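Here the structure is laid out as structure tokens; the discussion comes afterwards.
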Amino acid sequence: MAYTTHEIKRIETKWQQYWADHQTFKVSVDHKKPKYYCLEMFPYPSGKIHMGHVRNYTIADVVARFKMMQGYNVLHPIGYDAFGQPAENAAIKNKTHPAEWTYHCIEQMREELKSMGFSYDWDRELATCDREYYRWNQWIFLKMFECGIAYKKASSVNWCPSCETTLANEEVIQGECWRCKTKVIQKDLEQWYLKITQYAEELLEDLKTLKHWPERVLTMQENWIGKSYGVEIYFKAKKTGETIPVFTTRPDTIFGATYMVLAPEHPLVEKLIKDSPHRGKVQAFIDKTAKKSKSLRMMGELQKKGVFTGEYAINPVNGETIPIWIADYVLMEYGTGAIMAVPTHDQRDFLFAKEYKLPMRIVIQDPRNPNARVEDLEQAFEGDGILVNSAQFNGLNNQEAKKKIGEWMSAELPPQFGEISPEIRDSWRTNKGIGKITVHWRLRDWLISRQRYWGTPIPIIYCGRCGMVPVPDDQLPVELPEKIKITGLGGSPLAQSKEFVNIKCPKCGKSAKRETDTMATFFDSSWYFLRYCCAHDDKQIFDKKEVAYWMPVDQYIGGIEHAILHLLYSRFFTKFFRDLGLINFSEPFQRLLTQGMVLKDGEVMSKSKGNTVDPDSVVDKYGADALRLFILFAAPPEDQLEWNDAAIEGSWKFLNRIWHVVNQRYKAINIKIDSRQFDEQDKNLERDRNAAIKEVTEDISEGFKFNTAISQVMILMNTLEKYQVTANPQHKQALLNDAIKTVILLLSPFTPHLCEEMWEKMSGKESIAKIAWPQYNENALKKDLVQIVVQVDGKLRGKFMFPVDSTQEQLKIVILDDAKIKQYIQGKTIQKVIVVPNKLVNIATS
RNA sequence: GGGCAAGUGGUGGAAUGGUAUACACGCAGGACUUAAAAUCCUGUGGCCGCAAGGCUGUGAGGGUUCGACUCCCUCCUUGCCCACCA
């Protein structure tokens with residue numbers, strides 16, 4: 001009987017059923033064993049799993065099974081990130097309800113996951129759209145509301161006209177909606193925010209403790225949080241006396257500020273231009289810029305446009321009067337929405353100044369061009385140098401000056417220049433200085449309101465008398481009304497349901513209205529890993545004891561696309577829970593592995609490109625084991641993986657070989673192996689067997705090198721298949737049996753179905769998942785003879801066999817006497833002989 | 001523009017500073033077969049050579065070293081992330 005499609009189906013179904021019946025992967029708290037929490041990023045239930053899922057979950061499954069066999073109490077759960085827009089879109093398209101559609105998809109997905117043989121504890125399965133789950137979303141929200149972490153404010157927000165909803169900054173990619181790629185516009189709305197910025201410092205600082213996260217994820221988070229040190233400088237409007245704060249990271253260039261620029265949306269603009277003769281022109285410019293979306297403004301990178309306001313500002317360091325401009329290259333969202341322009345030392349300012357013929361002054365000397373004149377500059381000099389034209393700071397190195405000028409500004413009163421009116425000078429005094437050293441963060445508060453149906457209702461009630469009233473705890477969850485028309489035409493669908501909206505105020509009992517926004521789905525996924533610890537606890541969000549045992553996650557595995565959003569939010573939630581006293585750790589994920597993408601024909605597999613390969617069809621033909629093996633063998637987990645139809649067949653062939661070896665060459669025998677009876681062939685087999693154990697163990701635990709781990713098993717298979725059971729057949733058969741068993745054990749985390757079947761056939765009464773991981777014997781790895789490579793001047797010139805641990809002298813005698821080597825060193829003087837024990841000899845000549 | 005990662009046979013990929021190309025796919029030849037598939041065996045970086053063997057070779061160019069895919073410098077290319085961030 002061969003390892004046919006039919007056999008594969010039988011075996012894989014049999015063992016999936018076995019694991020379910022025997023609850024092989026069900027776990028509970030057990031203080032006698034070390035715990036290991038292996039987590040993968042839960043899927044969005046679209047109905048079908050794709051190769052990305054298969055790769056992600058296969059990697060995690062190997063880790064989980066490996067750790068289990070090593071004696072750990074392994075928590076390996078799965079669930080579904082089930083709220084969100086696709087369900088609404090699908091519901092509209094298929095004339096069904098999002099809930100119906102979602103639960104149907106979950107069912108399909110569960111079957112597919114089961115058909116891959118993943119070692120989940122299915123008792124912990126959860127979906128974020130379950131009322132038992134999202135009620136705790138609401139509970140968290142209310143805790144955040146209590147602490148002031150959740151708050152409502154009106155502001156200009158990102159709005160996707162196609163999805164008809166607001167978007168977080170994180171969801172705007174290159175000015176486009178991350179989901180539908182529509183150009184995002186700005187809209188003024190009252191929205192709910194989470195004050196993630198309160199944790200900015202800690203979120204940045206704790207990145208240093210994440211020793212086992214990929215470097216690039218840490219960098220991406222660091223850049224996203226974006227801490228920059230600088231100085232806020234208080235300029236004054238000359239006529240009105242208004243303070244105009246400007247943020248700069250380059251206070252060392254302050255003496256070179258020759259004009260100032262405000263963002264078109266800057267709140268002071270209106271006042272400044274009120275009596276200005278330029279008013280009409282300025283207003284026209286502002287209107288024109290406002291029509292352009294942010295993305296268009298960003299794309300016009302090369303053309304900076306602006307207009308003079310007619311008003312001037314006073315530079316507090318020297319009392320100089322500089323013109324105030326308005327330009328599209330200054331953004332209201334960053335800093336203070338106003339900049340001091342130093343065209344000589346900032347390229348953007350330089351381009352703008354050239355365009356509008358604004359003055360320039362060099363204040364940092366370019367060491368490579370110390371006599372540069374403003375007229376000759378072809379670009380701004382942004383490097384380091386010595387300060388000039390900068391009053392008492394002349395001669396300082398600019399890096400030093402950054403610090404000194406910042407300190408001086410926070411202490412100093414404005415200088416006594418004649419041009420400044422006494423009123424303006426006095427107003428500076430109230431600021432206790434003309435500037436302040438500040439830290440600026442790129443990170444914004446997180447906008448979580450969504451005008452969508454399929455999400456967690458925000459549990460707030462608006463009462464005419466009492467204002468914003470949180471829904472009392474005992475009235476949670478605020479359930480999503482089932483009967484609702486989803487049109488996708490905009491506005492919050494919940495607002496249409498009178499039964500939902502109209503409610504009595506829990507405080508005063510008068511008529512009130514519910515909040516009709518739902519939460520962004522990233523809220524749901526920011527804490528699901530905690531819920532897995534006690535997924536069905538209906539009394540509390542999670543059991544402290546369970547969480548204390550299982551958390552933090554030992555190994556988290558998922559796609560790089562979540563490097564910023566999901567991981568940052570989860571870290572934020574964890575810190576918030578810690579501050580609530582629910583947990584006593586600050587970081588949720590100890591180790592992070594970001595798996596590479598699956599490509600086909602050099603491109604990312606995607607529906608839109610039409611180059612997807614359906615895992616289901618591969619499983620049907622070759623089985624889950626072959627698919628798993630291919631995915632693990634074809635590339636290291638963090639690298640991109642190129643799909644190859646031919647190579648999957650190769651994986652199947654390898655499994656077929658194993659099938660035949662067990663069926664044809666394994667013969668049950670009861671005899672003790674005696675190493676004193678070993679001949680060369682036996683020693684060789686034992687060496688490869690032990691080497692395989694060693695390499696596979698190390699490759700998995702030190703950096704998930706599954707591809708090389710598998711190649712080690714293949715090497716053992718190659719040796720084992722050549723092994724002859726001739727003289728002393730009983731003893732040799734026992735030795736062969738041992739090697740076969742080792743192959744099956746080592747391979748079982750990778751291809752569990754076949755290995756279970758083979759194990760059962762050979763000896764197992766119990767699931768192979770419960771068998772201890774094999775140990776190796778260091779002595780068996782030793783060889784009697786080793787090959788010594790001989791180089792002359794670094795070039796390979798010969799290979800010799802020597803007894804292990806031969807001394808330098810012993811080596812020299814043979815090697816230097818060798819005819820061929822002699823040929824190469826003839827007529828040369830030997831400078832030195834380098835010996836790498838048991839490996840190499842290099843003869844260096846002159 | 002900034003940051004990060006990577007560049008090795010026909011292909012996927014291996015190599016604590018120590019034999020470059022492990023392991024596999026593919027390809028070629030052979031065995032088995034009426035034939036094919038499957039399976040097994042042999043070969044497989046390039047150039048020269050009948051062969052033994054030699055030369056050359058890890059994106060390019062330098063450097064350190066007895067010895068460099070590996071470390072350092074300069075550059076090129078590709079991918080990813082961020083970006084008028086003051």
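Small disclaimer: the values here were computed from a predicted structure and weren't measured. Just so it is clear, the values below take in all heavy atoms, side chains as well, and ignore hydrogens, waters and symmetry mates. Below, chain A is the first sequence line, B the second, and so on; all start at residue 1.
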> By side chain to side chain contact (heavy atoms under 4.5 Å, CB included), which residues pair with A:K354, not counting sequence neighbours?
Replying inline: A:F350, A:M360

Interface polar pairs with nucleotides 61-67 of chain B, N/O, under 3.5 angstrom:
| residue | atom | partner | partner atom | Å |
| --- | --- | --- | --- | --- |
| B:rC66 | OP1 | A:K832 | NZ | 3.3 |
| B:rC66 | O2' | A:N842 | ND2 | 3.4 |
| B:rC66 | O2 | A:N842 | ND2 | 2.5 |

> Under the criterion side chain to side chain contact (heavy atoms under 4.5 Å, CB included), which of A:T197, A:I564, A:L203 is the partner of A:I225?
Replying inline: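 Testing each of A:T197, A:I564, A:L203 against A:I225, the sole residue satisfying side chain to side chain contact (heavy atoms under 4.5 Å, CB included) is A:L203.
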
Using atom [atom1] in both nucleotides, what's the gap between [N] and [M] to the nearest angstrom?
N	M	atom1	value
B:rC72	B:rC23	P	31 Å
B:rC85	B:rG79	P	24 Å
B:rA68	B:rU8	C1'	14 Å
B:rC4	B:rG43	P	46 Å
B:rU21	B:rG46	P	14 Å
B:rU33	B:rU39	C1'	12 Å
B:rA35	B:rG26	P	23 Å
B:rU11	B:rU58	P	16 Å

Side chain of [X] - closest among [options]:
X	options	value
A:R657	B:rC40, B:rC81, B:rA86	B:rC40
A:M714	B:rA86, B:rC23, B:rC81	B:rC23
A:R216	B:rC80, B:rA83, B:rU19	B:rC80
A:N718	B:rC23, B:rU19, B:rC85	B:rC23
A:S711	B:rA14, B:rC23, B:rC82	B:rC23

For [N], which nucleotide is its Watson-Crick or G-U wobble mate, given both distances must be under 3.5 Å?
N	value
B:rA28	B:rU42
B:rU58	none
B:rC69	none

Quick one: label [X] by what it contacts on the DNA or RNA (base, sugar-phosphate, nothing), any heavy atom closer than 4.0 Å.
X	answer
A:N656	nothing
A:I715	sugar-phosphate
A:P214	nothing

> Is A:R442 salt-bridged to A:E222, going by a charged N under 4.0 Å from an acidic O?
Replying inline: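 Judged by the 4.0 Å cut-off on N to carboxylate O distance, A:R442 and A:E222 do not form a salt bridge.
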
> Taking the chi torsion of B:rG10, is it syn (within 90° of 0) or anti (everything else)?
Replying inline: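 Anti, angle beyond 90° from zero.
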
Give me the distances for all protein-to-nucleotides 51-56 of chain B N/O pairs that come in under 3.5 Å?
| residue | atom | partner | partner atom | Å |
| --- | --- | --- | --- | --- |
| B:rG54 | OP1 | A:Y824 | OH | 2.5 |
| B:rC55 | OP1 | A:R797 | NH2 | 3.4 |
| B:rC55 | OP2 | A:R797 | NH1 | 3.3 |
| B:rU56 | OP2 | A:K795 | NZ | 3.2 |

> Sequence neighbours excluded, which residues qualify as side chain to side chain donor-acceptor pair (under 3.5 Å) partners of A:D366?
Replying inline: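 Residues passing side chain to side chain donor-acceptor pair (under 3.5 Å) with A:D366: none at all.
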
>> According to side chain to side chain donor-acceptor pair (under 3.5 Å), who are the partners of A:S806, at least two apart in sequence or on a separate chain?
In response: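 If we apply the side chain to side chain donor-acceptor pair (under 3.5 Å) test to A:S806, skipping adjacent residues, there are no hits.
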
> Under 4.0 Å between a side-chain N or O of A:N223 and OP1 or OP2 of B:rC4?
Replying inline: no

> What about the rings of A:F352 and A:W325, do their centers lie closer together than 6.0 Å?
Replying inline: yes

> Between A:H440 and A:Y229, is the gap from one ring center to the other below 6.0 Å?
Replying inline: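 No, they do not, as the ring centres are separated by 6.0 Å or more.
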
> 5'-most contact on RNA chain B: A:I339 or A:V789, nearest heavy atom basis?
Replying inline: A:V789

> Where each residue is assigned the nucleotide of RNA chain B containing its nearest heavy atom, which of A:W652 and A:I560 is assigned the position nearer the 5′ end?
Replying inline: A:W652

All N/O pairs under 3.5 Å across the protein-nucleotides 10-12 of chain B interface:
| residue | atom | partner | partner atom | Å |
| --- | --- | --- | --- | --- |
| B:rG12 | O2' | A:A634 | O | 2.4 |

> Quick one: CG on A:N842 to CZ on A:R797, what's the gap to the nearest 0.5 Å?
Replying inline: 11.0 Å

> Between A:Q681 and A:Y723, is a side chain to side chain donor-acceptor pair (under 3.5 Å) present by the stated rule, with each step listed?
Replying inline: CA-CA 7 Å; A:Q681 195 199 205; A:Y723 184 77; 4.5 Å; no

>> Quick one: does any side-chain atom of A:Q831 pair with a main-chain N or O of A:A844 as donor and acceptor, under 3.5 Å?
In response: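 Pair absent, no side-chain N/O of A:Q831 close to backbone of A:A844.
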
>> To check you understand the geometry: which heavy-atom pair defines the closest contact between A:A634 and A:L641, and what is its length?
In response: CB-CD1, 3.2 Å

